[in-house]
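Note that the structure is predicted; figures quoted are calculated from it, not measured. Counting convention: from 1, in listed order, for ligands and their atoms alike. This chain uses plain numbering: 1 for the first residue, then up along the sequence.
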Amino acid sequence: MASFGHVAVGLLTGRLHGGSDRSERRTRWATLALFTILSTLPDIDILLVAFGASENGPFGHRGALHSLTMALAAGVFCAVAARWWRWPVLRTALAGVAAVASHTLLDLLDAGGKSLALFWPLSSARYHSPWRLLPDAPRGFKLLSSSGLLECLTEFALFLPITIYALWPQIRARYARLRPPHLQVIDGASTTEGVSNGSPNSARRDPPIRSSG
Ligand SMILES: [Zn+2]
């Protein structure tokens with residue numbers, strides 16, 4: 001995958017987790033970023049290969065870092081971090097497992113790419129789903145080809161609704177800040193609500209002063 005899907009599911013996990021206080025109107029960016037990093041983390045094995053790891057060894061692409069063991073390890077890490085940050089431990093551990101396991105699941109469903117070492121280190125056998133439902137953009141310069149860009153666009157469109165749902169509180173807050181102040185018509189004059197001293201009535205114009213002579 002070109003990672004739009006992994007990012008979308010990471011953001012969704014962050015929103016569902018909610019951070020330290022779920023009663024807040026919107027999840028903090030740091031919480032969203034944490035689970036997005038976890039949901040994309042397994043692909044760090046591409047860097048390991050670039051730095052010399054064997055492509056077909058346990059630390060090659062879609063090897064150990066794409067296994068379910070990695071998802072469990074992420075859950076343990078999140079539980080320890082939750083104690084430190086005073087977050088709900090069980091909820092954070094489950095969200096950590098879900099973020100990393102979602103990466104494995106999406107890669108299993110994509111249309112191409114290598115099979116995954118799901119049960120490493122118990123088994124080095126690699127698996128792929130019989131259902132290849134998701135687009136698989138090529139890596140490297142092939143990504144810039146017309147077919148590569150089309151795969152990217154398809155994946156982006158598929159996961160856009162999840163991304164919008166995950167970021168909806170942030171989008172709504174940004175829209176509210178950009179919206180111009182509400183205009184109100186008082187005594188035939190258009191004025192901005194509460195501009196003078198915070199009260200709509202304060203915007204009412206004073207009557208004209210008449211001369212007695
Ligand atoms: Zn992957």
Roughly how far, to the nearest 0.5 Å, is the [atom2] atom of [Y] from the [atom1] atom of [X]?
X	Y	atom1	atom2	answer
Arg28	Gln170	CZ	CD	11.5 Å
Arg62	Asp43	CZ	CG	7.5 Å
Thr40	His103	OG1	NE2	8.0 Å
Leu134	Asp107	CG	CG	9.5 Å

key: Aromatic centroids of Phe4 and Phe159 separated by under 6.0 Å   =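 Centroid distance Phe159-Phe4: not below 6.0 Å, so no.
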
task = Quick one: give me the number of protein N/O/S atoms under 2.8 Å from the Zn ion (ligand 1).
result =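 Total protein N/O/S atoms under 2.8 Å from the Zn ion (ligand 1): 4.
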
Pairs of donor and acceptor atoms involving the side chains of residues 68-92, under 3.5 Å and at least two apart or interchain, shall be tabulated with distances.
unit_1 : atom_1 : unit_2 : atom_2 : d
Thr69  : OG1    : Trp120 : O      : 2.4
Arg91  : NH1    : His17  : O      : 2.3
Thr92  : OG1    : His17  : NE2    : 2.9
Thr92  : OG1    : Pro88  : O      : 2.5

